[in-house]
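Below is one structure, written out as structure tokens, with a few remarks after it.
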Amino acid sequence: MPISAYSILAFLIFSIGVFGVITRRNMIGILLSLELMLNSVNLNLVALSRAHGHANGQVFAFFAIAITVAEVAVGLSIAILMFRIKKVVDADKFDLMKW
Amino acid sequence: MGERIAFYVLSIFLVIGALGVVISKSLFRSALFLALALFITAGFYLLLNAEVLAAVQILLYTGGVITLLVFAIMLTGKLTGRFITHTNRGIFPGLLAGLVVFITLISFFSGSYMIPEKGPMTPNVTFALSNLLFGRYMLAFETLSVLLVAAIIGALTLSRKEE
């Protein structure tokens, strides 16, 4: 299988993630779509690492996975905090920093 | 031949999972579709000679992140007192943005210089990966642990109930 096939698949998943981030109303739904986008980037990194025949790209994918976990932890706690303050699940209603 | 079949089967499931994440009505079902997509990605890692990353993907993502997400969904469902459904708004701008991103990526990709594939991977990928991780990228690896501690403290501080 040529490496470009993996890359094109990763681009497709990334675009689906962009669609989700823009159209979802729920904040956790937006986070889920964001996970999809990050995951597609990792797939691309690993595919290009395979193309180079070198493990360098896999190291970057490794770091990206670890950073994603930190991002999810902080993002979800912000989501829960917002739900507790505003009692809504709609991201459009979160306008605390707007004046 | 086997790799080709595996690629097509896995990519069909990956696209199904991804579409399920963005268009499913129930938030819980979205999270399960995301688990499917992440699990299939681990299969792709196996196809691409990244065994360690496949294991890390299953342990951290499918084990950790999905559990966290399901926890958050349950908690917010309990806080709002009703079952969470989520809908999409602005389908047309979303489709437009997704399409534009896809076309841009493809055109950049096809216009760029494609590196020729340099044969198979180095025979012992795990050894090479650990050598890089604890050799050249040692500082970044240690910084990552500081970042994780910061994230844990931040998450605890944010979600703590005010006295």
Side-chain angles (χ1 to χ4, degrees), chain A residues 1-9 11-20 22-26 28-29 31-33 35-36 39 42-43 46-47 49-56 58-59 61-63 65-74 76-81 83-84 87-89, chain B residues 3-4 7 11 18-19 21-22 27 30-31 34 37-38 41 44-45 48-50 53 56 60 64-65 68 72-73 75-76 79-80 84 86-91 93-95 97-98 101-102 105-106 109 115 117-122 125 128-129 132-133 137 144 147-148 151 154-155 158-159:
Chain A
M1 217 53 208
I3 290 302
S4 51
Y6 290 95
S7 287
I8 288 169
L9 180 68
F11 294 158
L12 183 64
I13 301 299
F14 189 85
S15 310
I16 293 174
V18 170
F19 172 79
I22 289 181
T23 59
R24 277 306 196 197
R25 285 172 190 275
N26 192 318
I28 294 182
L31 271 176
L32 289 176
S33 309
E35 287 303 303
L36 211 57
N39 195 51
N42 283 346
L43 179 59
V46 176
S49 151
R50 172 76 177 71
H52 279 278
H54 194 274
N56 239 333
Q58 292 188 17
V59 177
F62 186 86
F63 285 142
I65 289 175
I67 287 171
T68 306
V69 172
E71 172 252 321
V72 167
V74 177
L76 283 178
S77 60
I78 289 176
I80 288 175
L81 186 68
F83 288 146
R84 201 180 281 154
K87 304 281 184 221
V88 285
V89 290
Chain B
E3 196 201 346
R4 189 171 286 266
F7 176 83
S11 46
L19 285 176
V21 172
V22 296
L27 190 55
S30 270
L34 183 68
L38 297 176
T41 311
F44 274 113
Y45 290 168
L48 291 163
N49 300 80
L53 267 186
V56 167
L60 269 187
V65 171
L68 260 182
I73 291 167
L75 272 176
T76 52
L79 283 178
T80 52
I84 299 178
H86 61 167
T87 48
N88 296 15
R89 52 104 207 254
I91 304 275
L95 274 179
V101 168
F102 186 64
L105 284 173
I106 291 285
F109 186 67
I115 39 148
E117 202 170 323
K118 289 183 187 144
M121 279 300 266
T122 44
V125 184
L129 181 65
L132 281 172
L133 209 54
Y137 297 106
L144 199 61
L147 174 86
L148 284 177
L158 281 173
S159 55

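Contact detail for B:Phe109 and A:Ser7: the closest heavy-atom pair is CZ-CB, 3.6 Å. Nearest approach of A:Ala55 to B:Leu132, heavy atoms of both residues: C-CD1, 3.7 Å. Contact between A:Arg24 and B:Val21 at its shortest, heavy atoms only, is NH2-O, 3.0 Å. Nearest heavy atom pair, residue A:Ile16 against residue B:Ala18, reads CG2-O, 3.7 Å. In plain terms, the two heavy atoms of A:Ala70 and B:Leu147 that are nearest each other are CB-CD2, 4.3 Å. Smallest separation of non-hydrogen atoms from A:Leu32 and B:Ser30: CD1-CB, 3.5 Å.
Heavy-atom pairs under 4.5 Å with chain B peak, among A:Asn56, A:Leu81, A:Ile65, A:Leu31, at A:Asn56. With chain B as the partner, the residue from A:Val72, A:Val59, A:Val74 showing the most heavy-atom pairs under 4.5 Å is A:Val59.
Contacts of A:Leu76 with chain B are made by side-chain atoms alone, with heavy-atom separations under 4.5 Å and no backbone atom involved. Interface residue B:Leu144: only side-chain heavy atoms are found under 4.5 Å from chain A. With a threshold of 4.5 angstrom between heavy atoms, A:Leu36 approaches chain B through its backbone and through its side chain. Heavy-atom distances place the side chain of B:Phe7, and not its backbone, under 4.5 Å from chain A. Looking at B:Leu95, the atoms closer than 4.5 Å to chain A (heavy atoms on both sides) sit in the backbone and in the side chain alike.
Note that CD1 of A:Ile3 and CG of B:Leu48 are 6.0 Å apart. Values are rounded to the nearest 0.5 Å. With values rounded to the nearest 0.5 angstrom, A:Ile8 atom CD1 is found 11.5 Å from B:Ser11 atom OG. Remark: A:Ile22 CD1 to B:Ile91 CD1 distance equals 11.5 Å, nearest 0.5 Å.
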Could you walk me through whether B:Leu38 and A:Asn39 pass side chain to side chain contact (heavy atoms under 4.5 Å, CB included), step by step? CA-CA 7 Å; B:Leu38 297 176; A:Asn39 195 51; 3.4 Å; yes
Worked verdict on B:Tyr137 versus A:Phe62 for side chain to side chain contact (heavy atoms under 4.5 Å, CB included): CA-CA 11 Å; B:Tyr137 297 106; A:Phe62 186 86; over 6 Å; no
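Side chains of A:Phe11 and B:Val101 form no contact here, defined as non-hydrogen atoms less than 4.5 Å apart. Looking at heavy atoms from C-beta onward, A:Asn26 lies in side-chain contact with B:Leu27 at the 4.5 angstrom threshold.
Applying the side-chain contact (heavy atoms from CB on, under 4.5 Å) test to B:Ala50 and every residue at least two apart in sequence or in another chain returns A:Val46, A:Gln58, B:Tyr45, B:Leu53.
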